[in-house]
Amino acid sequence: MIASSDLSALPALLHPDALFRSPMAFKPYRSAQAVAMILGTVITIFKNFVYERQFISGDGMSVTLEFSAMVGDKQLKGVDLIRFDEHGKIVEFEVMIRPINATAALGEEMGKRLGALLPAFKTAP
């Protein structure tokens with residue numbers, strides 16, 4: 001999906017109540033719709049995106065994917081922490097990114113594109 005920049009199959013892989021933990025927000029976003037919207041948008045912002053390494057838990061229920069990409073002229077490194085349920089659906093997708101200037105550039109661009117839509121998906125305190 002990443003190589004083709006086509007995430008149309010992603011919704012079928014997501015649990016309806018999937019959580020997305022953003023590097024820019026303290027509270028996670030909840031719902032398959034939110035996760036698909038966020039990932040579908042971020043893939044249009046990242047340039048030269050490459051998964052470099054992957055780590056799989058012993059039970060196969062969690063994966064960590066290390067990646068690199070560009071946001072504008074900022075180089076970033078990050079990891080996707082993905083947890084699955086017993087049916088193979090993604091129940092949690094957490095992203096961590098460094099350095100701070102690249103994280104800020106990504107947050108600014110995501111805000112421009114999704115800022116008005118995302119608050120509806122935030123979880124309660």
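For Pro99 against Leu76, the heavy-atom pair with the smallest separation is CD-CA, 4.2 Å. Of all the heavy atoms in Ile90 and Ala18, the pair that sits closest is O-CB, 3.5 Å. Between Ser68 and Gln75, the shortest heavy-atom contact is CB-NE2, 3.7 Å. Among all heavy-atom pairs drawn from Ile56 and Gly60, the shortest one is CG2-CA, 4.0 Å. In terms of heavy atoms, Pro11 sits closest to Ser8 at CD-O, 3.4 Å. The two atoms that bring Asn101 and Lys74 nearest to each other are ND2-CD, 3.5 Å, heavy atoms only.
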Checklist entry - Would Phe93 and Arg21 count as a side-chain contact (heavy atoms from CB on, under 4.5 Å) if you check the C-alpha gap in whole Å, the side-chain angles of each, and the deciding distance to 0.1 Å? => result CA-CA 6 Å; Phe93 198 111; Arg21 297 185 188 279; over 6 Å; no
Item to check | Candidate pair Val35 and Tyr29, rule side-chain contact (heavy atoms from CB on, under 4.5 Å), full reasoning | outcome: CA-CA 7 Å; Val35 176; Tyr29 301 100; over 6 Å; no
Item to check | Test side-chain contact (heavy atoms from CB on, under 4.5 Å) applied to Phe55 and Val63, step by step | outcome: CA-CA 6 Å; Phe55 305 93; Val63 298; over 6 Å; no
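Using a 4.5 Å cut-off between side-chain heavy atoms of Ile, Leu, Val, Met, Phe, Trp and Tyr, with links allowed through other members, Met96 and Phe67 fall into different hydrophobic clusters. Two different hydrophobic clusters hold Val50 and Met1 under the rule that ILVMFWY side chains link at heavy-atom gaps under 4.5 Å. Criterion: ILVMFWY side-chain heavy atoms under 4.5 Å apart, direct or through other members. Under it, Leu7 and Leu117 are part of a common hydrophobic cluster. No continuous path of hydrophobic side-chain contacts links Leu13 to Met61 [ILVMFWY only; heavy atoms under 4.5 Å]. There is no path of hydrophobic side-chain contacts, each under 4.5 Å, that joins Leu19 to Val91.
Residues Thr64 and Gln54 bring no donor and acceptor atom of their side chains to less than 3.5 Å of each other.
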Which side-chain N or O atoms in residues 79-87 pair as donor and acceptor under 3.5 Å with protein atoms at least two apart or in another chain?
residue	atom	partner	partner atom	Å
Asp80	OD2	Tyr51	OH	2.6
Arg83	NE	Glu92	OE1	3.3
Arg83	NH2	Glu92	OE1	3.0
Asp85	OD1	His87	N	2.8
Asp85	OD1	Gly88	N	3.1
Asp85	OD1	Lys89	N	2.9

Side chains of residues 40-48: which donor-acceptor pairs under 3.5 Å do they make with residues two or more places apart or in other chains?
residue	atom	partner	partner atom	Å
Thr41	OG1	Met37	O	2.8
Thr44	OG1	Thr41	O	2.6
Thr44	OG1	Arg113	NH1	2.7
Lys47	NZ	Thr44	O	3.2

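Put simply, the side chain of Phe121 reaches to within 4.5 Å of the side chain of Ser31, judged on heavy atoms. No side-chain heavy atom of Arg30 sits less than 4.5 Å from a side-chain heavy atom of Lys122.
Taking the side chain to side chain donor-acceptor pair (under 3.5 Å) definition, one finds that Asp59 meets it with Ser57, sequence neighbours left out.
One distance of note links OG of Ser22 with CD of Glu94; it measures 9.5 Å at 0.5 Å rounding. Here Gln33 contributes atom CD and Ile38 contributes atom CD1; the two are 10.5 Å apart, rounded to the nearest 0.5 Å.
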